[in-house]
Amino acid sequence: MAGIYLHIPFCKQKCAYCDFYSIVNDKLIEEYVNALCKEIELQRNFLTKEKIKTIYFGGGTPSLLSPKQLQVILDKLIQNFDLENEIEITLEANPDNLSVKYLRALKEIGINRLSVGLQSFIETDLQLMKRKHTVKESIKAIGDAQESGFDNISIDLIYGLPDLTISMWEENIEKALKLNVQHISAYHLTIEPNTLFNKYYQSNKLNLPTEDESLSQFKILKRITEQKGFMHYEISNFALYGFISLHNTNYWMGVKYLGLGPSAHSYNLTSRQWNIQNLRKYMDAISQGKIPYEIEYLTKIEKFNDFLITSLRTMWGLNTEKLKKDFGKDLETYFLSKTKKYIDQNLMKESNSNFTLTEKGIFISDNILQDFLHE
Ligand code: SF4
């Protein structure tokens with residue numbers, strides 16, 4: 001079983017917080033679709049005949065592609081890979097690109113899961129983040145998607161935003177839940193280098209919440225979503241029963257995946273590789289039959305670190321029996337020696353050899369996971 005990720009590196013404009021690789025130039029889309037199809041052919045043996053269980057169009061903004069262009073890519077995948085009959089095919093979309101006609105066409109070509117970047121139900125937040133859509137367009141997009149037959153819809157939200165009060169955040173979550181979606185990905189704002197927010201931040205123009213306020217926002221998110229039946233199955237992900245993202249869960253479970261397009265990452269259990277992060281150079285190399293990538297072969301310790309980070313992100317946690325079986329007694333001892341202080345501080349808990357982060361631990365998971373990494 002394996003997954004395929006396709007990076008669509010085009011956006012209508014750059015959002016103020018985003019550091020994903022994309023360019024604001026849709027004139028290159030057609031040329032890019034051809035390059036991507038060529039890369040699919042070049043990479044057809046990467047997953048060594050594993051059955052493909054998930055396909056994920058991410059970006060950038062995949063909803064800038066027409067249904068016909070998406071169909072061409074899907075056909076190329078069908079010709080070159082062995083796809084499962086029951087397959088999850090996700091498309092990331094922005095609300096301002098979605099119409100009933102477009103959504104129906106997506107459904108017809110086999111897209112069965114949407115991940116829609118709503119981010120906030122506060123108009124001024126959307127403007128500050130330089131999002132291209134309004135709150136009204138967000139709500140309409142979800143309604144249109146449901147009317148077009150989509151019954152597996154995820155939305156993205158951002159918290160920890162400048163000037164976001166607890167009551168505003170609570171209202172945001174309530175509005176999100178009223179949309180009757182099956183999945184919510186909620187990320188705390190991080191200030192990334194080379195973003196507009198970083199410029200504002202450097203000149204003290206962002207009134208960011210304190211750590212305590214951010215923790216309260218996270219707890220509220222968890223409480224309200226759980227009251228409505230959502231499982232908090234990964235640090236930033238919440239799903240109704242039966243609607244966890246298979247594609248992302250496979251990343252955390254160490255399943256093989258192939259990433260196609262500029263900046264996309266691939267993993268095949270022994271190595272990680274990533275394509276060049278430059279659309280022009282990517283397309284030029286592909287046109288000459290070369291895949292422009294760098295590769296890193298993983299040592300046992302690097303695989304152990306990956307296992308640690310990915311397992312502890314999820315509600316299933318890290319099982320020490322599996323750790324011992326896959327990595328040996330020494331690394332199990334190393335892991336256990338690190339756990340005590342976190343258990344004492346109520347940041348981690350253990351049950352039947354399964355270690356998971358507590359609510360408090362999840363909120364500062366980046367620091368904890370960093371500390372667990374073996375040098
Ligand atoms: S958040 Fe999405 S739409 Fe905005 S710049 Fe990043 S990839 Fe593009």
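Counting convention: from 1, in listed order, for ligands and their atoms alike. If you're wondering where the values come from, they're calculated on a predicted model, not measured in any experiment.
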### Query
Counting heavy atoms only, which part of Arg131 comes closer than 4.0 Å to ligand 1: side chain, backbone, both or neither?
side chain
For [atom], which protein heavy atom lies nearest, and how many Å away is it?
{"atom": "atom 6 (Fe) of ligand 1", "value": "Cys18 SG, 2.3 Å"}
{"atom": "atom 3 (S) of ligand 1", "value": "Asn94 ND2, 3.3 Å"}
{"atom": "atom 1 (S) of ligand 1", "value": "Tyr17 OH, 3.4 Å"}
{"atom": "atom 5 (S) of ligand 1", "value": "Cys15 N, 3.3 Å"}

### Message
Apply side-chain contact (heavy atoms from CB on, under 4.5 Å) to residues Ile40 and Phe81 and explain how you reach the verdict.
### Response
CA-CA 9 Å; Ile40 290 171; Phe81 290 92; 3.8 Å; yes
### Common cluster, Phe363/Tyr233, ILVMFWY with side-chain heavy-atom separation under 4.5 Å
no
### Task
Kindly identify the option in Ala16, Ser63, Gly60, Gly117 whose heavy atom sits closest to atom 2 (Fe) of ligand 1.
Gly60
### Query
Without hydrogens or angle criteria, can the side chains of His188 and Ser214 be said to hold a donor-acceptor pair below 3.5 Å?
yes
### Query
Does any donor atom in the side chain of Thr225 or Gln227 lie under 3.5 Å from an acceptor atom in the other side chain?
no
### Task
Establish, for the pair Lys300 and Phe327, whether the NZ or CZ atom is under 6.0 angstrom from the six-membered ring centre and no further than 45 degrees off its axis.
no
### Task
Flag Cys11 as yes if one of its N/O/S atoms falls below 2.8 Å of atom 8 (Fe) of ligand 1, otherwise no.
yes
### Query
Would you call Lys140-Glu147 a salt bridge at under 4.0 Å N-O?
no
